[in-house]
Amino acid sequence: MFDRELAKASQAIIRALTEQGLPTPQRIDWSPTPFHGQWGFGTAAFFQIAAQEARRGKGGCVPERAAEIAQAVLQAIGTPEGFSRASVERGYLNLYLEPGLYAKRVVNTILAQGEDFGRGHPKDERVMVEYSQPNTHKAFHVGHLRNVILGGAMANILEFAGCDTVRANYIGDIGLHVIKWLWCYRKYHPGEQPQGDKTRWMQEIYTEAERRLEENPENEQEVRALFAAWEARDPELVQLWERTRQWSMEGFQEIYDLLGEHFDVIFYESEVEEPGKRLVEDLIARGIAIDERPDGPVLIKIDELLGLEKETYRTLVVLRSDGTSLYSTKDLPLAIRKFEEWKVDRSIYVIDVRQSLYLKQIFKVLELMGFEQARNCVHLSYEIVNLPGNVTMSSREGTVVLFDDLIREAFARAGRIVELKNPSLPDDQKQIVARAVALGALKYAMLAVDNNKVVTFDWDRALDFEGQAAPYIQYAHVRANSILRRAGSIPQDATFEHPLEASEIQLLELLARFPQEVQRAAAEYKPLQIANYVYNLARAFTDFYQHCPVLQAEGAAGAARLRLTAAARQTLASGLRLLGIEAPEVM
RNA sequence: GCCCCCGUAGCUCAAUGGAUAGAGCGCCUGACUUCGAAUCAGUAGGUUGGGGGUUCGAGUCCCUCCGGGGGCGCCA
């Protein structure tokens, strides 16, 4: 927001350095000054120059020399245009802003742009974010939830940052787990219809299948026969598969609706299986893949092809020895299809960290095939969600916290809190609030942890409604909204001529930073950046709320603070929206 | 054997190579006749796992050790 002023100041500094015969850096980096209650930007550029001199043998104490140079530069440039004060502190050159002028500019910018405040310029880049990737005929559990929430927030952020964003889902609708399910259903539940929560019902049959097969291993022959029938596309089996798959899809859709997620395209494993097998034949013909069938699988010795001594990419199996497909068989053609059919420039895979090597292999094989866009494939990895005692969630082993159970508990707890905190709210409002708070808390808990940190699932922490959690941020939004509602209308304009409180300056400084926070979150693939930012913003607003009367403010301060409140409400709502969290009007 | 990730306050987590390492939870003390107390103010809590190195400057980068988790030819 102050790029223009800082750029001019940078130019002046470089000119001053040149005039004094000092080395000039390529550019001057500015960061917000860390002092509470003062608003400005500082640069540490002179440390680098002083260090450079010291290296050339001049010796001396670097911090002292940095301060000396900074002081000389300050003498030369004076206070740059647009700033109220400049000073040298501990070797830093700090430029302070005239609070009133800039406060007005920040607030006016936000209110003029509304929900577009913070949106990046269109980047002329199309990115696809593939996330969620659930298996049909199986449970949807808390481990899957981290993926959806992370992927959804990441897509929101990339889109807001200026990318043309395509949200993709990739459904695991075939494979041994589906065959086992179909076997169990045909044998023990013929003709049954799903009851209650469809996803849970699907999971129950799946665990039953696993249990029966473990108890009676001789049944595996029947499963193998069914797999063969599937491979032969037995019409009756295919029909059953389609119908049962649909039940899973309907169940998933309920979950996505609840979470507020939508996809622009859904890929199915089943539709890339045949293209994958053809691609593997091509790889064999081109000498990239080695065909060891029938005694072994079709594989690609990547390190060998690259002439690497040290094991790096290892070997990737791309087709089973019996000719049936693997995950890799299908991922290769799909990767290409994303670029060719969807014309994307970058392809992001939101998949947990355990598949890091696998994805490195896939991307490298694409490169070996001569597919140049392979370098535009990105693995956005994240750590898994474990149960206490470091137990990994597994639908096969039934060690899962089901999404359905979690969401029920979340709604129940949030409902009790709403009843406690705001009993006079009409019932339908209570439900809306409870829902926003429950989902918000859940999402925030997932997003407020760095991607590469393991989350140990804990009911109380996943559903935390206090402290650094979504409801705190939502509450700040509600209170801002409450002030604005009482005020009736927001003044068209206001000057910030009253002496600004420290809390007002802090709030303004954070508000001004929103656009760059969005860019950084997008560039680093870190929704956490936004999660932290919006929490800090909520704290700053709460602090402002404590210290500065708005409606009872004297004179011109009232209008200014009212507009500041409106700007804060807007930015809180925008930040939450990027995280996929609702900002309620009341709670 | 090769590779990746984690280790920061009692607990859970933050922190562009930058200024005094910050929050929340929990503990204790206090604040509703106030623009909404899902809040706030205050107290206490640190050799950033250990040791080297690079740098003007390291929680952050490099090396090494310790502890924990994960991955590695026919699971997805």
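Computed from a predicted model, the values in this text were never measured in an experiment. A note on names: the letters A, B, ... follow the listed sequences, proteins ahead of strands, and every chain is numbered from 1.
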K.L.:
Have a look at Glu292(A) and say if it touches a base, only the backbone sugar-phosphate, or nothing, with a 4.0 Å heavy-atom cut-off.
P.N.:
nothing
K.L.:
Which atom names give the shortest non-hydrogen contact between Gln203(A) and Lys138(A), and what distance separates them?
P.N.:
OE1-C, 3.8 Å
K.L.:
Which whole number of Å gives the distance between the C1' atom of rG46(B) and that of rG73(B)?
P.N.:
48 Å
K.L.:
Suppose you measure atom P in rG67(B) against the same atom in rG49(B); what distance do you get, rounded to whole Å?
P.N.:
16 Å
K.L.:
What is the nucleic acid contact for Lys526(A), judged by heavy atoms within less than 4.0 Å: base, sugar-phosphate only, or nothing?
P.N.:
sugar-phosphate
K.L.:
Tell me, please, whether Tyr313(A) has Lys360(A) positioned over its six-membered ring: NZ or CZ under 6.0 Å from the ring centre and within 45 degrees of its axis?
P.N.:
yes
K.L.:
If you look at every strand shown and take non-hydrogen atoms under 4.0 Å, does Asp352(A) touch a base, only sugar-phosphate, or nothing?
P.N.:
nothing
K.L.:
Whole Å only: how far is the CD atom of Gln519(A) from the P atom of rU16(B)?
P.N.:
17 Å
K.L.:
For nucleotides 69-76 of chain B, give me one character per nucleotide, 5' to 3': B if any protein heavy atom sits under 4.0 Å from the base, S if the only such contacts are to the sugar-phosphate, - if neither.
P.N.:
SSBBBBSB
K.L.:
Using atom C1' in both nucleotides, what's the gap between rA14(B) and rC6(B) to the nearest angstrom?
P.N.:
15 Å
K.L.:
How are the rings of Trp459(A) and Phe457(A) set to each other: parallel, tilted or perpendicular (split at 30° and 60°)?
P.N.:
perpendicular
K.L.:
For rC6(B), does either OP1 or OP2 sit under 4.0 Å from a side-chain N or O belonging to Asn452(A)?
P.N.:
yes
K.L.:
Under a 3.5 Å cutoff, is there a donor and acceptor pairing between the side chains of Tyr131(A) and Asn169(A)?
P.N.:
no
K.L.:
Any idea which heavy atoms bring Leu283(A) and Ile300(A) closest together, and the distance?
P.N.:
CD1-CD1, 3.9 Å
K.L.:
Please write out the pairs of protein N or O atoms and N or O atoms of nucleotides 54-56 of chain B separated by less than 3.5 Å, giving the distance to one decimal.
P.N.:
from: rC56(B); atom 1: OP1; to: Arg55(A); atom 2: NH1; distance (Å): 2.8

K.L.:
Under 4.0 Å, counting only non-hydrogen atoms across every strand here, what does Ala448(A) touch: a base, just sugar-phosphate, or nothing?
P.N.:
sugar-phosphate
K.L.:
Evaluate whether atom CD of Glu64(A) has more than 12 neighbouring non-hydrogen atoms of other residues, nucleotides or ligands under 6.0 angstrom away.
P.N.:
no
K.L.:
Would you say the rings of Tyr444(A) and Tyr535(A) are close, in the sense that their centroids are separated by under 6.0 Å?
P.N.:
no
K.L.:
Relative to each other, are the rings of Tyr206(A) and His177(A) parallel, tilted or perpendicular (30° and 60° limits)?
P.N.:
perpendicular
K.L.:
Under 4.0 angstrom, heavy atoms only, what part of the nucleic acid is Ser31(A) near: base, sugar-phosphate, or nothing?
P.N.:
base
K.L.:
Distance check, C1' atoms only: rG24(B) and rC40(B), in whole angstrom units.
P.N.:
15 Å
K.L.:
For the ring pair Phe363(A) and Tyr349(A), is the centre-to-centre distance below 6.0 Å?
P.N.:
yes
K.L.:
Send over the distance from Gln529(A) CD to rU16(B) C1', rounded to a whole Å.
P.N.:
9 Å
K.L.:
rG71(B) and rC25(B): how far apart are their C1' atoms, nearest whole angstrom?
P.N.:
34 Å
K.L.:
Take atom CG of Asp450(A) and atom C1' of rU60(B), then tell me their distance rounded to the nearest Å.
P.N.:
13 Å
K.L.:
Which residues satisfy the side chain to side chain contact (heavy atoms under 4.5 Å, CB included) test with Lys301(A), sequence neighbours excluded?
P.N.:
Ile290(A), Leu299(A), Glu304(A), Thr315(A)
K.L.:
Just to be sure I understand: a Watson-Crick pair is purine N1 to pyrimidine N3 plus N6-O4 or O6-N4, both under 3.5 Å. Using that and G-U wobbles, which stems of three or more pairs involve RNA chain B?
P.N.:
B:1-7 with B:66-72, B:10-13 with B:22-25, B:28-31 with B:39-42, B:49-53 with B:61-65
K.L.:
rG73(B): syn or anti, with syn meaning chi within 90° of zero?
P.N.:
syn
K.L.:
Does a side-chain N-to-carboxylate-O contact under 4.0 Å join Arg293(A) and Asp322(A)?
P.N.:
no
K.L.:
On RNA chain B, nearest-nucleotide positions of Asn451(A) versus Leu93(A): which is more 5'?
P.N.:
Asn451(A)
K.L.:
With a 4.0 Å cut-off on N to O distance, would you call Glu281(A) and Lys277(A) a salt bridge?
P.N.:
no
K.L.:
Tell me, for nucleotides 22-38 of chain B in 5' to 3' order, what letter each nucleotide earns: B for a base near a protein heavy atom under 4.0 Å, S for only sugar-phosphate near one, - for neither?
P.N.:
-SSS---------BBSB
K.L.:
Report the residues that fulfil salt bridge (Lys or Arg N to Asp or Glu O under 4.0 Å) with Arg146(A), sequence neighbours left out, ordered by chain and then residue number.
P.N.:
none
K.L.:
Can you check the distance between rU60(B) and rA19(B), where both ends of the measurement are the C1' atom (answer in whole Å)?
P.N.:
16 Å
K.L.:
Would you mind classifying the nucleic acid contact of Arg520(A) as base, sugar-phosphate or nothing, using non-hydrogen atoms under 4.0 angstrom?
P.N.:
sugar-phosphate
K.L.:
Are Arg245(A) and Tyr268(A) in a cation-pi contact, defined as NZ or CZ under 6.0 Å from the six-membered ring centre and within 45° of the axis?
P.N.:
yes
K.L.:
Is the Lys NZ or Arg CZ of Arg413(A) less than 6.0 Å from the centre of Phe465(A)'s six-membered ring, within 45° of the axis?
P.N.:
no
K.L.:
I need the CG-P distance between Leu447(A) and rA14(B), as an integer number of Å.
P.N.:
12 Å
K.L.:
At their closest point, which heavy atom of Ile28(A) faces which heavy atom of Ser10(A), and how far apart are they?
P.N.:
CB-OG, 3.7 Å
K.L.:
Round to a whole Å and report the spacing from CG of Asp29(A) to C1' of rA19(B).
P.N.:
16 Å
K.L.:
With rounding to whole Å, what would you report as the distance between rA58(B) and rG18(B) at their C1' atoms?
P.N.:
10 Å
K.L.:
Measuring only the P atom in each nucleotide, how far is rU39(B) from rG26(B)? A whole number of Å is fine.
P.N.:
10 Å
